[in-house]
Amino acid sequence: MQATQTMIPAKSLTILEDQLQHEFLACKKARVYAQQMQDAQLRNVATQVANAHCQRFERLYNYLNSHA
């Protein structure tokens, strides 16, 4: 039995694409901030924030690709 894919409405696709861009930018910024931190605890927090944004980016990216 073959799984059917549902089409993403244009408005939802635009929203998802915007969110994908926001997550990508937030990931990059948090990584830059982490590299500039002198305090190890702050660097760790910024790295965790970057990782969270990167994970959300990957999930959104994979979701969009699964509906392509």
*asked:* Assess the residue pair Lys28 and Arg31 against the criterion (side-chain contact (heavy atoms from CB on, under 4.5 Å)); give the C-alpha distance rounded to whole Å, side-chain angles, the decisive distance to 0.1 Å, and a yes or no.
replied: CA-CA 5 Å; Lys28 282 183 68 173; Arg31 286 187 191 240; 5.9 Å; no
*Mind checking what makes ring-ring contact (aromatic ring centres under 6.0 Å, His included) contact with Tyr63, not counting sequence neighbours?*
His67
_For Ala50 versus Cys27, what's the shortest heavy-atom pair and its separation?_
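Scanning both residues completely, I find the closest heavy atoms to be O-SG, 3.7 Å.
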_Could you check whether Glu17 and Gln21, counting side-chain N and O atoms only, form a donor-acceptor pair closer than 3.5 Å?_
no
In Å, rounded to the nearest 0.5 Å, how long is the span from [atom1] of [X] to [atom2] of [Y]?
X: Glu23; Y: Arg56; atom1: CD; atom2: CZ; value: 4.5 Å
X: Asn65; Y: Glu58; atom1: CG; atom2: CD; value: 10.0 Å
X: Leu13; Y: Asp18; atom1: CG; atom2: CG; value: 9.5 Å
X: Leu64; Y: Gln19; atom1: CG; atom2: CD; value: 11.0 Å
X: Phe24; Y: Lys29; atom1: CZ; atom2: NZ; value: 12.5 Å

*Residue that, paired with Ser12, satisfies side chain to side chain contact (heavy atoms under 4.5 Å, CB included) out of Ile8, Ile15, Thr14*: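 It is Ile8, the one option of Ile8, Ile15, Thr14 that forms the side chain to side chain contact (heavy atoms under 4.5 Å, CB included) with Ser12.
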*Enumerate the residue pairs fulfilling side-chain hydrogen bond (donor to acceptor under 3.5 Å, both in side chains) with a member in residues 41-51, sequence neighbours excluded, ordered by first and then second residue.*
none
*Are Leu16 and Leu20 joined in one hydrophobic group, where the rule is that I, L, V, M, F, W and Y side chains link up if heavy atoms are under 4.5 Å apart?*
yes
